[in-house]
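Quick notes on the structure that follows.
Keep in mind that the numbers below use all heavy atoms, side chains included, and drop hydrogens, waters and symmetry copies.
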Amino acid sequence: MWAANQKPSRVQPTGASKQQGAAAVEFAVVVIFFLILLFGVLEMARLVFLFNTLQEVTRRAASLAINSAFDTEGQENVRKRALLADATGNLILGRPVTADHLRLEYFSLSRSGTGALAKQKVAVLPASPAQNRLNCLADPYADNCIRFVRVQVCQPNAAAACTPVPYEMLFPLIRFPGLVLPRSETIAPAQTMGYVAGALPGS
């Protein structure tokens, strides 16, 4: 019989229970490392996917813009049709890129005194595709004759310079500070620019 004031001895952990505890800690460390590695690989794969996809988006937008009207509505239609958007309006696997991140710019072709040709941005767009066609027929090197279209991926409502879009992580566990998306520029020569045969300038 136990004496009234006698305390039971503390049960010492066996070797097997110590090994189980160490194994659990090791497993947790390995799982955390594995998940970080897995998420990092997926994030890098997504980044490579975006680099290629954004270039394709600008190519699609340029090919549409050279045959579309260049008014506000026409440019908006080009952006929406070119973007490979999901149901939320973001580029597929490309948040935060939306149609607003596609910048369309129009250039004329000027000839210097030495005969060299250079592109320059059209400051004031023609009133209509028909007017642009008339301007180009009158003088293909005029500053109001659209000869090229450029599409870039930039921050919306940025200044004259194209500000790169910050890269937004798919997995918050991984961080790439200061990483931005490429501007993915595409320049294409103008074609119809939305001109319809028989349309009058200004219409």
Flag side-chain contact, heavy atom, 4.5 Å: Phe70 against Leu104:
no

Please confirm whether the backbone N or O of Arg81 pairs with a side-chain atom of Arg60, one donor and one acceptor, at under 3.5 Å?
yes

Looking at NE2 of His101 and OG1 of Thr58, how far apart are the two atoms once the value is rounded to the nearest 0.5 Å?
14.5 Å

Minimum heavy-atom separation for Arg147 to Pro140, with atom names?
NH1-O, 2.6 Å

When you measure from the side chain of Asp86 to the backbone of Gly89, do you find a donor-acceptor pair of N or O atoms at a distance under 3.5 Å?
yes

Shortest non-hydrogen contact between Val48 and Asn52, atoms and distance:
O-ND2, 3.0 Å

Any side-chain donor paired with an acceptor under 3.5 Å for Gln55 and Thr186?
yes

Within the distance-only criterion (no hydrogens, no angle test), does the side chain of Arg46 pair as donor or acceptor with the backbone N or O of Leu93 below 3.5 angstrom?
yes

Quick one: do Tyr141 and Tyr106 end up in the same hydrophobic cluster if we chain Ile, Leu, Val, Met, Phe, Trp and Tyr together by side-chain heavy atoms under 4.5 Å apart?
no

Could you check whether any side-chain heavy atom of Leu50 comes within less than 4.5 Å of a side-chain heavy atom of Tyr167, counting everything from C-beta outward?
yes

Which distance, rounded to the nearest 0.5 Å, do you find between the CZ of Arg95 and the CD of Glu168?
5.0 Å

Would you say Phe148 and Tyr195 are hydrophobically clustered, going by side-chain heavy atoms of ILVMFWY under 4.5 Å?
no

Test side chain to side chain contact (heavy atoms under 4.5 Å, CB included) on Leu42 and Leu170; report intermediate values, then the result.
CA-CA 9 Å; Leu42 292 176; Leu170 186 62; 6.0 Å; no

Would you say Arg59 and Ser184 make side-chain contact, with heavy atoms under 4.5 Å?
no

Gap between atom CG of Leu54 and atom CG of Leu91 - 0.5 Å precision
6.0 Å

How far apart are the closest heavy atoms of Val153 and Leu102, and which atoms are they?
CG2-CD2, 4.0 Å

How many angstroms lie between atom CG of Leu134 and atom SG of Cys145, to the nearest 0.5 angstrom?
10.5 Å

Nearest heavy-atom contact between Cys162 and Gln152 is CB-OE1, 3.8 Å

Is it possible for you to say whether Val196 and Ile66 belong to one hydrophobic cluster, with membership spreading through side-chain heavy-atom contacts below 4.5 Å?
no

Do the side chains of Met193 and Val149 get nearer than 4.5 Å, heavy atoms only?
yes

Using the rule given for side chain to side chain contact (heavy atoms under 4.5 Å, CB included), can you reason through Phe39 versus Met169, listing the C-alpha separation, both sets of side-chain angles and the distance that settles it, and then say yes or no?
CA-CA 10 Å; Phe39 292 156; Met169 300 296 170; over 6 Å; no

When rounded to the nearest 0.5 angstrom, what is the spacing between CZ in Arg103 and CZ in Arg183?
9.5 Å

For a quick test of reading the model, state the closest non-hydrogen atom pair linking Ile146 to Pro126 and the distance between them.
CD1-CD, 3.9 Å

Does the pair Leu109 and Lys119 meet the rule for a side chain to side chain contact (heavy atoms under 4.5 Å, CB included), with working shown?
CA-CA 5 Å; Leu109 193 63; Lys119 296 190 296 292; 4.1 Å; yes

To the nearest 0.5 Å, what is the distance between CD on Gln75 and CG on Asn77?
10.5 Å

With hydrophobic residues grouped by side-chain heavy-atom distances under 4.5 Å, do Val165 and Leu179 end up in a single group?
yes

For residues Phe51 and Leu47, determine if any side-chain heavy atom of one lies less than 4.5 Å from a side-chain heavy atom of the other.
yes

Side chain Asn135, main chain Asn144, donor-acceptor under 3.5 Å
yes

Shortest non-hydrogen contact from Thr192 to Asn67?
OG1-OD1, 3.0 Å

One pair to check against side chain to side chain contact (heavy atoms under 4.5 Å, CB included): Phe107 and Ile187. What are the steps and the verdict?
CA-CA 10 Å; Phe107 291 83; Ile187 300 177; over 6 Å; no

